[in-house]
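Data block below; observations after.
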Amino acid sequence: AISVLCSRVAEQLIKARKQLSTLNAELDSAREDYAKANAADREGMKRELLLGEQEVLQLSERIKTLEKQARNTEIKVIN
């Protein structure tokens, strides 16, 4: 049961890291577009950028939690 849990946590962790990588790439691109945009266009882009940044923060916290779960599960397997 613990090995199944460990495997599940590992899968979730890999998926979350991939999502974070994709999201960061999208955000980098959006930031570049923002830098090139005129003032009127920037206004519309601000909210989108902020939402993306909030999503990155939430996903980063999720990854930390999953990493902790993985470590705790490994400790249970060892003991």
Side-chain angles (χ1 to χ4, degrees):
I2 292 177
S3 62
V4 171
L5 177 63
C6 189
S7 175
R8 196 174 312 141
V9 170
E11 289 174 13
Q12 290 175 358
L13 185 56
I14 291 168
K15 183 179 176 183
R17 285 179 176 161
K18 286 181 183 178
Q19 285 178 312
L20 183 61
S21 178
T22 300
L23 188 57
N24 275 323
E26 290 171 357
L27 243 131
D28 287 344
S29 177
R31 286 184 186 114
E32 287 177 18
D33 292 344
Y34 180 86
K36 296 174 187 174
N38 61 38
D41 291 337
R42 283 184 180 186
E43 279 303 312
M45 300 170 89
K46 282 181 186 179
R47 180 168 169 74
E48 208 174 300
L49 282 169
L50 288 173
L51 289 173
E53 289 169 355
Q54 287 175 344
E55 193 173 344
V56 164
L57 291 175
Q58 290 171 350
L59 195 50
S60 295
E61 287 301 314
R62 172 94 172 115
I63 289 170
K64 287 179 189 177
T65 301
L66 288 170
E67 288 171 341
K68 185 175 180 180
Q69 285 178 349
R71 284 191 305 273
N72 289 339
T73 304
E74 288 172 349
I75 290 169
K76 288 179 185 176
V77 169
I78 292 170
N79 295 330

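As the structure is a computational prediction, the values presented were derived from the model and not from experiment. For the numbers below, each heavy atom of this structure counts, side chains included, while hydrogens, waters and symmetry mates do not. For this chain, numbers begin at 1 and follow the sequence in order.
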Tell me every residue that passes salt bridge (charged side-chain N to carboxylate O under 4.0 Å, His left out) with Lys64, counting only those two or more places apart in sequence or in another chain.
Glu61
Interatomic distance, [X] atom [atom1] to [Y] atom [atom2] [nearest 0.5 angstrom]:
X	Y	atom1	atom2	value
Asp28	Asp33	CG	CG	11.0 Å
Thr22	Leu27	OG1	CG	12.0 Å
Glu55	Asn24	CD	CG	10.5 Å
Gln19	Glu26	CD	CD	10.5 Å

Under the side-chain hydrogen bond (donor to acceptor under 3.5 Å, both in side chains) test, residues paired with Glu53 that sit two or more places apart:
Arg31
Of all heavy-atom pairs between [X] and [Y], which one has the smallest distance, and what is that distance?
X	Y	answer
Ala30	Met45	O-CE, 4.1 Å
Leu66	Val9	O-CG1, 3.4 Å
Gly52	Leu23	O-CD2, 4.1 Å

Among all residues two or more places apart in sequence or in another chain, which pass the side-chain contact (heavy atoms from CB on, under 4.5 Å) test with Thr65?
Gln69
Residues that Ile78 engages under side-chain contact (heavy atoms from CB on, under 4.5 Å), provided they are two or more places apart
none
Pairs flagged by salt bridge (charged side-chain N to carboxylate O under 4.0 Å, His left out) wherever residues 42-51 is involved - sequence neighbours left out:
Glu43-Lys46
Test: salt bridge (charged side-chain N to carboxylate O under 4.0 Å, His left out). Region: residues 5-18. Which pairs qualify, not counting sequence neighbours?
Arg17-Glu67
